[in-house]
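Numbering of residues begins at 1 and proceeds along the displayed sequence.
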Amino acid sequence: MAVTVIGVDGAALPPGGAEALAQARLVVGGKRHLDAHAPDQAKRLELGPLEPALNALSALSGDEQGVVLASGDPGFFGAVRALRERGVRCAVLPATSSVQRLMARAGRSWDDVVVVSAHGRDLSAAINVCRARPAVAVLTAPKSGPAQIASGLTGWRRTMIVGEDLGGPNESVVTIDPADAAKRGWFEPNVVLCLANADEVPSRGWIAGGEPVPPATGWALSEDEFSHRDGMITKVEVRAVALAKLAPRPGTLVWDVGAGSGSVAVECARMGAATIAVESDEAQVVRMVTNAAGHGVDVRIVEGKAPQALRELPKPDSIFVGGGGNEVVTACAHAGASRVVVALAALDRVGPTRETLRSAGYEVEGVQLAASRLAELPDGSSRLEAANPVVLVSGRKKA
């Protein structure tokens, strides 16, 4: 039994493709690929659920040849993985992937582009990457296409480039604002490029997809790395523990409520998460804009008072509450996040906060952080200088 996976991109088949099809006993693929390329003598199996196709290919014996027709490069988010998981060794004859075609049509380099797939998974992770990163290509799926992606980008400044039926008779490449993309229908199959700045020429990098996260400069940055009002910033030691509890990462969305100078939001964004910072103080909002720009991250800033300002925001994965009373904690506890972290200076708020999170279904932990830093004395010796203690109350939903 031998299986050859052939990429199809609307042009001629890759070298060796015609010969493999001529010898095939079984050809598996989508209807349009079968109609275009399957020979008359071969048995056809149209792809719907993947399992019947894998069973049929595995059942081939002896010298029987099988062929799988797949769009673009079958080794790039394609059929090759499923075949190898079933133990089927295969020869691969790739064509040009849809992402390559779209980037060529856009006339843009793409070594900086993060590529995510919306196939067989919740679209929110792909949308969160689009919210967080400046250049993202999304391999779409039915009901997880350009319109749905565009709807999730409200509040973020983005431009979308949509490639429809690339290499096919209905090929089209459209540059469009997300607000307009959300209102119209799109021909399938399609692929989306989401850009923070459509005209920017990306700097020369060294690793595909842009700089890795977490960044090389580390996390829990010094207070000096942020513009902030004297003392009005989440301290380094507290921020380090909060980040561990929030678990920011690509594909997630973090709210920073009562964000102040936005140090937590900026740190989460530096670790690849999409972030929304909510703050009612106009002066602090200005500082947040400066801090986000200074660290090269995209933080969506919502100027308003919680909990009212939270009502129209997209569902978060994690929430940091840096300010606000129990009304704010209650609203955050019922926002649907899997993790909530609340920073408290007043001890009498610890009990109510813990009970609020527990009643919302969270497993609750708490830790008091009282760091003492080395400070230099006039004679060159050192003493310990204590910072004000902070209690972090954290809740995590059971998986």
Notebook entry, point to check: So, the side chain of R239 versus the backbone of T234: is there a donor-acceptor pair under 3.5 Å, distance only?
Noted result: yes

Checklist line | Which atom of A333 lies closest to which atom of A360, heavy atoms considered | finding: O-CB, 3.6 Å

Note to self: Under a 3.5 Å cutoff, is there a donor and acceptor pairing between the side chains of E211 and W206?
What the structure shows: yes

Next item on the list: Say whether, by atom type as modelled, one donor and one acceptor occur between the side chain of H119 and the main chain of T140 under 3.5 angstrom.
Entry: yes

Item checked: Closest heavy-atom pair and its distance - C268, V254 -> SG-CG1, 3.9 Å

Notebook entry, point to check: Got a donor-acceptor contact below 3.5 angstrom from the N291 side chain to the S227 backbone?
Noted result: yes

Notebook entry, point to check: When E267 is tested against each of D256, L221, L246 for side chain to side chain contact (heavy atoms under 4.5 Å, CB included), which residue passes?
Noted result: L221

Note to self: Salt bridge check, R373 against E237: does any charged N sit closer than 4.0 Å to a carboxylate O?
What the structure shows: yes

Next item on the list: Measure from the side-chain N and O atoms of Q368 to the backbone N and O of L392, and report whether any donor-acceptor pair falls under 3.5 Å.
Entry: no

Notebook entry, point to check: Any idea which heavy atoms bring F320 and A242 closest together, and the distance?
Noted result: CE1-CB, 3.9 Å

Checklist line | Distance-only donor-acceptor check, side chains T252 and N128, under 3.5 Å | finding: no

Check: How far does CG of D73 sit from OG of S97, to the nearest 0.5 angstrom?
Finding: 6.0 Å

Notebook entry, point to check: Would you say R249's side chain and A247's backbone share a donor-acceptor pair under 3.5 angstrom?
Noted result: yes

Notebook entry, point to check: Are there more than 12 heavy atoms of other residues, nucleotides or ligands under 6.0 Å from atom CH2 of W156?
Noted result: yes

Checklist line | Over 12 foreign heavy atoms within 6.0 Å of CZ, R84 | finding: no

Next item on the list: Would you mind reporting whether D298 and P134 have side-chain heavy atoms less than 4.5 Å apart?
Entry: no

Item checked: Residues S71 and H33: side-chain donor-acceptor under 3.5 angstrom -> yes

Next item on the list: Over all heavy atoms of both residues, which pair between S98 and L166 is shortest? Give the atoms and the distance, please.
Entry: O-CD1, 3.5 Å

Note to self: Run the salt bridge (charged side-chain N to carboxylate O under 4.0 Å, His left out) test against R105 and tell me which residues pass, sequence neighbours left out.
What the structure shows: E171

Notebook entry, point to check: Which is it for D35 and R44 under the salt bridge (charged side-chain N to carboxylate O under 4.0 Å, His left out) test, yes or no, and what are the steps along the way?
Noted result: CA-CA 10 Å; D35 291 344; R44 298 183 178 196; 3.4 Å; yes

Checklist line | Side-chain heavy atoms of V138 within contact of C194, under 4.5 Å | finding: no

Check: Can M160 be reached from L193 by stepping across I, L, V, M, F, W or Y side chains whose heavy atoms are under 4.5 Å apart?
Finding: no

Margin query: Is there a path of hydrophobic side-chain contacts, each under 4.5 Å between heavy atoms, that joins V27 and L45?
Written below: no

Next item on the list: Assess whether atom CZ of R396 is packed by more than 12 heavy atoms of other residues, nucleotides or ligands within 6.0 Å.
Entry: no

Check: Nearest 0.5 Å, what's the NZ-CD distance between K31 and E46?
Finding: 6.5 Å

Next item on the list: Please check if the side chain of R108 supplies one atom and the backbone of P202 the other of a donor-acceptor pair under 3.5 Å.
Entry: no

Notebook entry, point to check: For the residue pair H295 and F226, does the interplanar ring angle fall in the parallel (under 30°), tilted (30 to 60°) or perpendicular (over 60°) class?
Noted result: tilted

Note to self: Counting only heavy atoms from other residues, nucleotides and ligands, does the tally under 6.0 Å from CG of N170 exceed 12?
What the structure shows: yes

Note to self: Are more than 12 heavy atoms, taken from residues, nucleotides or ligands other than R81, located less than 6.0 Å from that residue's CZ atom?
What the structure shows: no

Next item on the list: Would you check if there is a donor-acceptor pair between the side chains of T356 and N326 at a distance under 3.5 Å?
Entry: yes

Notebook entry, point to check: Just wondering, are more than 12 heavy atoms of other shown residues or ligands nearer than 6.0 Å to CG in D180?
Noted result: yes

Notebook entry, point to check: Is the side chain of R101 donor-acceptor paired with the backbone N or O of D9 at a distance under 3.5 Å, no angle test?
Noted result: yes

Margin query: Would you say V3 ends up clustered with L47 if hydrophobic residues are merged whenever their side chains have heavy atoms under 4.5 Å apart, either directly or through other cluster members?
Written below: yes

Margin query: If you define the side chain from C-beta out and look only at heavy atoms, does anything of V367 sit under 4.5 Å from V391?
Written below: no

Check: Salt bridge check: are E385 and R383 linked by an N-O gap of less than 4.0 Å?
Finding: yes

Item checked: Rounded distance [0.5 Å steps], CG in D112 versus OG in S203 -> 7.5 Å

Check: Got a salt bridge between R32 and D165, using NZ or NE/NH1/NH2 to carboxylate O under 4.0 Å?
Finding: yes

Next item on the list: For V129 and G251, work out which heavy atoms get closest and say how close.
Entry: CG2-N, 3.6 Å

Next item on the list: Can you establish whether the number of heavy atoms outside E327 located under 6.0 Å from its atom CD is more than 12?
Entry: no

Check: Side chains of N197 and R157: is there a donor and an acceptor less than 3.5 Å apart?
Finding: no

Notebook entry, point to check: Passes side-chain hydrogen bond (donor to acceptor under 3.5 Å, both in side chains), S222 versus E225? Steps please.
Noted result: CA-CA 5 Å; S222 166; E225 297 280 346; 5.9 Å; no

Margin query: So, taking the atom named CG in L57 and the one named CG in N55, what distance separates them when rounded to the nearest 0.5 Å?
Written below: 9.0 Å

Checklist line | From CA spacing to verdict: salt bridge (charged side-chain N to carboxylate O under 4.0 Å, His left out), D281, R229 | finding: CA-CA 12 Å; D281 185 325; R229 187 184 300 155; 2.8 Å; yes

Next item on the list: For residues P14 and L93, report the shortest heavy-atom separation together with the two atoms involved.
Entry: CG-O, 3.4 Å

Check: For the side chain of E64 and the backbone of S61, is there at least one donor-acceptor N/O pair under 3.5 Å apart?
Finding: yes

Checklist line | Validation row: P316, I276 side chains within 4.5 angstrom (heavy atoms) | finding: no

Checklist line | Distance in Å, L13 CG paired with E19 CD, rounded so as to fall on 0.5 Å steps | finding: 9.5 Å

Checklist line | N/O donor-acceptor pair under 3.5 Å between R131 side chain and G152 backbone | finding: yes

Next item on the list: Sort out for me which residue in I149, L195, V192, V116 forms a side chain to side chain contact (heavy atoms under 4.5 Å, CB included) with V136.
Entry: V116

Item checked: E188 side chain near P142 side chain, heavy-atom distance below 4.5 Å -> yes

Item checked: No-hydrogen, no-angle side-chain donor-acceptor test under 3.5 Å, T217 and R270 -> yes

Check: Should we count CG of D40 as having more than 12 external heavy atoms under 6.0 Å?
Finding: no

Note to self: I'd like to know if the side chain of E279 reaches the main chain of G260, judged simply by a donor and an acceptor atom lying under 3.5 Å from each other, with no hydrogens or angles considered.
What the structure shows: yes

Notebook entry, point to check: Can you find a heavy atom in the side chain of F77 that is under 4.5 Å from one in the side chain of V115?
Noted result: yes

Notebook entry, point to check: Distance from L369 atom CG to N388 atom CG, nearest 0.5 Å?
Noted result: 12.5 Å

Donor-acceptor pairs under 3.5 angstrom involving side-chain atoms of residues 337-351: please list them, not counting sequence neighbours.
unit_1: S338; atom_1: OG; unit_2: D317; atom_2: O; d: 3.0
unit_1: R339; atom_1: NH1; unit_2: K245; atom_2: O; d: 2.9
unit_1: R349; atom_1: NH1; unit_2: G324; atom_2: O; d: 3.3
unit_1: R349; atom_1: NH2; unit_2: G324; atom_2: O; d: 2.7

Checklist line | Cationic tip of R184 above W186 ring, under 6.0 Å, 45° of axis | finding: yes

Checklist line | Test item: P146 and N190 side chains (from C-beta on) under 4.5 Å apart, heavy atoms | finding: yes

